[in-house]
Protein chains: 2
Amino acid sequence: MKIAEKGKRNQDNWIYQEVFDAILEQRLAPGTKLSEDALGEVFGVSRTVIRKVLLRLSHEKIVAIRPNRGAVVSIPSIKEAKDTFDARRWIERGVVRRACETISKADIGILTKLVQKEHEAYADNNKSEGIQLSGAFHLKLAEIAGNETLQEYLKELVTRSSLIVAHYESNSAHTCTHNDHKDLITALADGNSDKAVALMEDHLQAIEDKLNLSEADSETNNLKQIFSSVAINRTDVHQT
Amino acid sequence: MKIAEKGKRNQDNWIYQEVFDAILEQRLAPGTKLSEDALGEVFGVSRTVIRKVLLRLSHEKIVAIRPNRGAVVSIPSIKEAKDTFDARRWIERGVVRRACETISKADIGILTKLVQKEHEAYADNNKSEGIQLSGAFHLKLAEIAGNETLQEYLKELVTRSSLIVAHYESNSAHTCTHNDHKDLITALADGNSDKAVALMEDHLQAIEDKLNLSEADSETNNLKQIFSSVAINRTDVHQT
DNA sequence: AGATTACAAATTGTATACAATTCTGTTATG
DNA sequence: CATAACAGAATTGTATACAATTTGTAATCT
């Protein structure tokens with residue numbers, strides 16, 4: 001029950017951030033309906049500004065707007081998941097390469113601190129903060145690389161990655177990826193651009209490999225596939 | 001003076017496309033004010049739907065929305081121009097690499113036809129269509145690559161590239177780039193992935209090199225700079 | 001009883017009305 | 001005459017009202 005007292009200016013930015021964070025931290029799970037009226041009531045604004053926020057989120061593919069049927073938190077398909085990680089690989093290759101050229105001592109300090117905090121978060125079993133800090137590491141790297149366009153794209157991709165990881169993660173915890181970041185910093189500090197790129201590629205591949213992206217277990221999504229056998233036998237099973 | 005008789009459904013999509021095309025073809029030059037009332041009148045809809053369209057265009061960075069001051073067709077800065085081409089290089093590397101794996105004979109036919117039409121357009125001195133077809137070539141390649149995310153990003157980047165080329169192009173016509181596309185098709189058809197990537201990199205670099213991206217000449221943008229000499233002598237020149 | 005259709009409730013899409021802000025042209029003042 | 005202050009107009013931001021669409025429920029018919 002928050003009320004809009006956040007300065008009157010940049011209301012939508014504030015609301016955007018709130019919803020964004022809620023989705024990222026999974027307080028709003030994939031598939032959750034985002035009713036305009038409800039959100040408007042929560043934030044104390046009219047549907048107009050909520051629509052603006054939802055439009056922005058939908059453009060970033062974090063929510064899906066179905067015509068006349070409202071917005072829901074995106075449920076990334078397996079294809080989308082693969083595309084997302086593939087896109088990340090290509091973009092982060094560029095980011096790492098550029099970052100190698102431009103990185104400063106101060107930057108290395110910041111990155112190191114981020115990795116430390118990430119470790120602590122996971123040590124405290126604070127998964128959502130861990131995920132967020134891991135994302136922050138990648139985004140900081142993009143900031144260092146200095147290409148705003150790549151940075152924005154990566155921000156979207158990192159967010160979607162979080163949705164994907166949340167939705168498709170297998171039992172094997174993804175705690176193993178922390179050291180990847182450390183190694184990456186070392187390579188960057190050494191100015192070893194080739195190695196840094198290779199490490200990033202492996203890192204992203206490792207994350208993706210830990211997911212259940214086989215066509216088999218799509219959970220909520222592919223209803224047709226899930227019920228295909230049932231549908232075929234429908235007349236047979238027919239009961240009461 | 002078009003009226004909204006386009007089926008009532010997907011009005012905004014139609015309007016979006018109209019505005020998008022107008023910007024791409026430079027009927028709406030960079031810097032042009034896009035007043036909500038005016039556009040609403042033109043398309044026979046209320047400001048509500050125009051705002052939706054402008055919001056989408058602003059997300060794609062084709063239009064800039066300045067708070068309380070309305071929307072204008074984006075004037076890409078030199079930094080943005082460089083970032084855009086850099087981003088394209090990284091993304092299209094990925095696109096070409098993937099396309100090499102998945103390209104079919106039919107695809108090659110389509111690409112070849114696109115290049116032919118592009119040639120014809122330039123032969124007819126139809127510059128705007130030439131630019132559009134050149135963009136279509138790159139986008140078709142992304143479609144072949146099969147990664148929707150990269151495809152969407154590239155669509156944005158290609159559009160922005162058009163804005164940039166239009167704004168920063170030097171005297172040397174960019175007619176020389178046609179053969180690049182042809183060579184690229186050959187490399188793709190041969191499955192020579194390394195060569196195809198190299199050709200794409202050179203191609204994009206060639207386009208960028210033909211632009212005036214030195215800090216000096218920002219044309220319409222830096223009014224201060226343009227009129228600086230005049231301003232200095234202002235009191236002298238002063239005449240009724 | 002089961003299926004189909006008609007109606008009702010809820011939600012989104014669009015238009016309009018009002019509030020807040022910026023821009024422009026005029027007037028007042030040093 | 002130049003600068004500053006002000007008022008009006010124009011434009012954007014937000015809220016609300018109405019229209020269109022979808023979805024759930026009940027009634028009707030075979």
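Reminder, nothing fancy here: chain letters follow the sequence lines and each chain counts from 1. Everything numeric in this text was worked out from a predicted model, so none of it was measured.
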In whole angstrom, give the distance that lies between atom [atom1] of [X] and atom [atom2] of [N].
X: Glu41(B); N: dT16(C); atom1: CD; atom2: P; answer: 12 Å
X: Phe43(B); N: dT14(C); atom1: CZ; atom2: C1'; answer: 17 Å
X: Leu54(A); N: dT11(C); atom1: CG; atom2: P; answer: 15 Å
X: Asn13(A); N: dG13(D); atom1: CG; atom2: P; answer: 13 Å
X: Ile65(A); N: dT21(D); atom1: CD1; atom2: C1'; answer: 16 Å
X: Arg69(A); N: dT23(D); atom1: CZ; atom2: P; answer: 4 Å
X: Leu34(B); N: dT11(D); atom1: CG; atom2: C1'; answer: 14 Å
X: Ile50(B); N: dT11(D); atom1: CD1; atom2: C1'; answer: 15 Å

So, is [X] near the phosphate of [N], with a side-chain N or O under 4.0 Å from OP1 or OP2?
X: Arg51(A); N: dG13(C); answer: yes
X: Lys33(A); N: dT12(C); answer: yes
X: Thr48(A); N: dT14(D); answer: no

### Query
How do Ser46(A) and Glu36(B) order along DNA chain D: which one's closest nucleotide is nearer the 5' end?
Glu36(B)

## Note on the structure
With the side chain defined as heavy atoms from C-beta on, Asn68(B) is closest, among dT14(D), dT21(D), dT21(C), to dT21(C)

### Query
Taking the six-membered ring of Phe20(A), is the NZ or CZ of Lys155(A) close enough (under 6.0 Å from the centre) and on axis enough (within 45°)?
yes

### Query
Are the charged groups of Arg47(B) and Glu41(B) less than 4.0 angstrom apart, N to O?
no

### Query
Is the shortest side-chain N to carboxylate O distance from Arg51(B) to Glu36(B) below 4.0 Å?
yes

### Query
So, does the side chain of Arg47(A) form a donor-acceptor pair with the base of dG13(C) at under 3.5 Å?
yes

### Query
Quick one: CZ on Phe43(A) to CD on Glu18(A), what's the gap to the nearest 0.5 Å?
5.5 Å

